[in-house]
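Here's the structure, in structure tokens; my notes come after.
Here is the naming used below: chain letters follow the sequence lines, and residue numbers restart at 1 for every chain.
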Amino acid sequence: MLDIRFIRENLDLIEKMLSQRQMTFDLSAFKSLDEKRRLLIKRTEDLRAERNSLSQTIGKKKKENSAELEIEQIKQRVNEISEEIKTLETELSDIENEHRQLILSIPNMPHNSVPIGKSSEDNVVVRTYGEPKKFPFEPKPHWELGEKLDIIDFQRAGKLTGARFSILKGHGAKLERAIINFMLDLHTSKHGYIEMLPPFIVNKESMTGTGQLPKFAEDLFKLENWDYYLIPTAEVPVTNYFRDEILPEEKLPIYFTAYTPCFRAEAGSYGKDTKGLIRQHQFDKVELVKFVHPEKSYDELEKLTQDAERVLQELEIPYRVVVLCTGDLGFSSAKTYDIEVYLPSYNGYKEISSCSNFEDFQARRMNIKFRPKGSNKTEYIHTLNGSGLAVGRTLAAILENYQNEDGSITVPKALRKYMGGIEIIN
RNA sequence: GGAGAGAUGGCCGAGCUGGUCUAAGGCGCACGCCUGCUAAGCGUGUGUACCCCCUAAAGGGGUACCGAGGGUUCAAAUCCCUCUCUCUCCGCCA
């Protein structure tokens with residue numbers, strides 16, 4: 001959410017931003033609605049002020065034992081005002097609702113270092129790590145490797161649930177667990193994050209706080225008969241942890257990491273990545289979340305991205321980092337780096353982590369502030385998050401990058417102690 | 001699931017037989033004074049959101065907010081209803 005006054009005073013900037021994000025938005029509707037709203041507020045508030053002062057007068061007159069008739073006349077007048085207020089209030093509440101929905105559906109302003117572009121094709125590669133391995137044989141995609149080794153079962157998952165679900169079995173399940181533990185240990189012991197295991201179900205307020213609602217309801221799984229949703233990412237419960245709180249400045253920055261399954265309906269993704277583990281309705285992810293001082297948030301974004309990259313470095317898997325252009329940038333984000341892992345089955349790179357600085361966009365929605373030293377005023381903090389990493393895609397990347405000619409998988413050195421010393425899956 | 005108690009500003013905490021509540025008091029914080037230093041003391045100021053006026057800046061006025069939403073009333077932190085959450089006890093349960 002952007003500041004209302006900022007929107008009002010910078011409509012031309014907003015318009016430019018929206019077109020850079022490839023979005024259409026009726027700003028003139030906002031303008032007239034905003035003016036109407038302010039006019040109505042003024043009128044109702046003036047009437048309320050009159051009612052309040054008349055009511056006080058009645059209290060005083062009663063104490064002074066004034067004439068009943070006089071008091072009755074004032075009551076009569078107040079009743080008339082109240083009627084008028086009631087009419088205006090219904091009108092106003094409709095307008096307030098519409099106004100709020102409009103503001104909540106305006107995306108964040110991109111940082112000025114974000115390249116301008118139309119789509120993911122205009123994203124800019126920032127750095128590349130490692131060289132894609134040259135296989136002396138034809139490498140297989142992870143879904144073939146996984147099924148042959150009987151460590152991933154897509155068929156029966158379809159029976160149990162439906163499309164875009166999978167079952168990990170035996171060493172596949174163990175590898176998933178190993179990856180999760182490896183990532184959590186790395187971030188807690190080397191990067192200073194505090195581990196959290198949050199609820200996997202949250203309410204509407206939390207979804208609104210991080211920006212999934214009201215705009216992206218169709219991407220979420222909602223529980224029947226409850227106003228609760230399955231989380232699409234740990235970002236939602238972890239970032240909302242401090243909703244409606246004022247944090248002491250000396251506590252900043254605060255780093256959290258959390259493993260959770262993630263549930264995504266992804267209404268708009270039919271036909272994309274239909275094979276394998278890449279796009280599932282349920283997948284595991286280790287998330288990184290930061291609450292930081294506004295002046296430090298861009299330094300923190302660089303550090304957070306490096307923390308996520310470190311996972312792939314330790315696993316010795318090639319990747320590259322791209323900065324998303326305005327047309328590909330997420331709704332709430334001011335700047336995002338994607339980490340893309342090398343996948344032989346794609347003959348290229350695939351997103352495995354998305355690291356974003358939301359500046360005060362989420363903090364304003366969630367009302368998370370801090371009190372700067374030497375000031376009585378509060379300010380919004382900045383929030384960031386990034387995957388550290390998507391576990392399913394990491395497993396896929398390991399299978400594909402560590403495959404041998406006979407279809408067996410060499411376990412990356414960093415994971416062996418989490419795999420009970422197993423060096424080869426076959 | 002049953003019975004009871006509670007939710008008030010950054011924090012603690014009074015008010016809860018409706019009308020100077022314009023939410024006491026304390027702590028914390030900020031500024032100033034005082035004191036060789038420190039501690040203590042004294043004074044002043046300190047919530048959020050929105051709207052209006054004024055503006056270079058400062059400032060001034062108003063409305064709403066005492067867990068959330070309704071209701072009664074000229075007037076609600078205070079009375080009534082519904083809901084949420086927390087705590088205590090009982091029941092059930094991995």
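Residue R37(A) is classed as a sugar-phosphate contact, given heavy-atom separations below 4.0 Å to backbone atoms only. Using a 4.0 Å heavy-atom criterion, one finds that R5(A) contacts the sugar-phosphate atoms exclusively. At the heavy-atom level, R8(A) lies under 4.0 Å from the strands shown only through sugar-phosphate atoms.
Taking the six-membered ring where tryptophan is involved, the planes of F331(A) and F361(A) are perpendicular, since the angle between them exceeds 60° and thus also 30°. Between H191(A) and H187(A), the ring planes lie tilted relative to each other; the angle falls in the 30° to 60° range.
Taking 4.5 Å as the limit, some side-chain heavy atom of L395(A) sits within range of a side-chain heavy atom of I152(A).
Remark: RNA chain B takes part in the stems B:1-7 with B:84-90, B:10-12 with B:25-27, B:28-33 with B:41-46, B:47-53 with B:59-65, B:67-71 with B:79-83, each of 3 or more antiparallel Watson-Crick or G-U pairs, criterion distances under 3.5 Å.
Rounded to an integer number of Å, the gap from K369(A) NZ to rG9(B) C1' is 14 Å.
Note on residues 150-161 of chain A: pairs passing side chain to side chain donor-acceptor pair (under 3.5 Å), not counting sequence neighbours, are D150(A)-K169(A), D153(A)-R156(A). Sequence neighbours left out, not one pair with a member in residues 184-200 of chain A passes salt bridge (charged side-chain N to carboxylate O under 4.0 Å, His left out).
Judged by distance alone, the side chains of Y259(A) and E287(A) never bring a donor and an acceptor atom under 3.5 Å apart.
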### Query
Can you give one letter per nucleotide of nucleotides 58-82 of chain B, 5' to 3': B if a protein heavy atom sits under 4.0 Å from the base, S if only from the sugar-phosphate, - if neither?
----BBS---------BS-------

N/O-N/O pairs, protein side and nucleotides 10-13 of chain B side, under 3.5 Å:
from, atom 1, to, atom 2, distance (Å)
rG10(B), O4', R371(A), NH2, 3.1

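Within residues 28-35 of chain A, no residue approaches RNA chain B, by heavy-atom distance under 4.0 Å.
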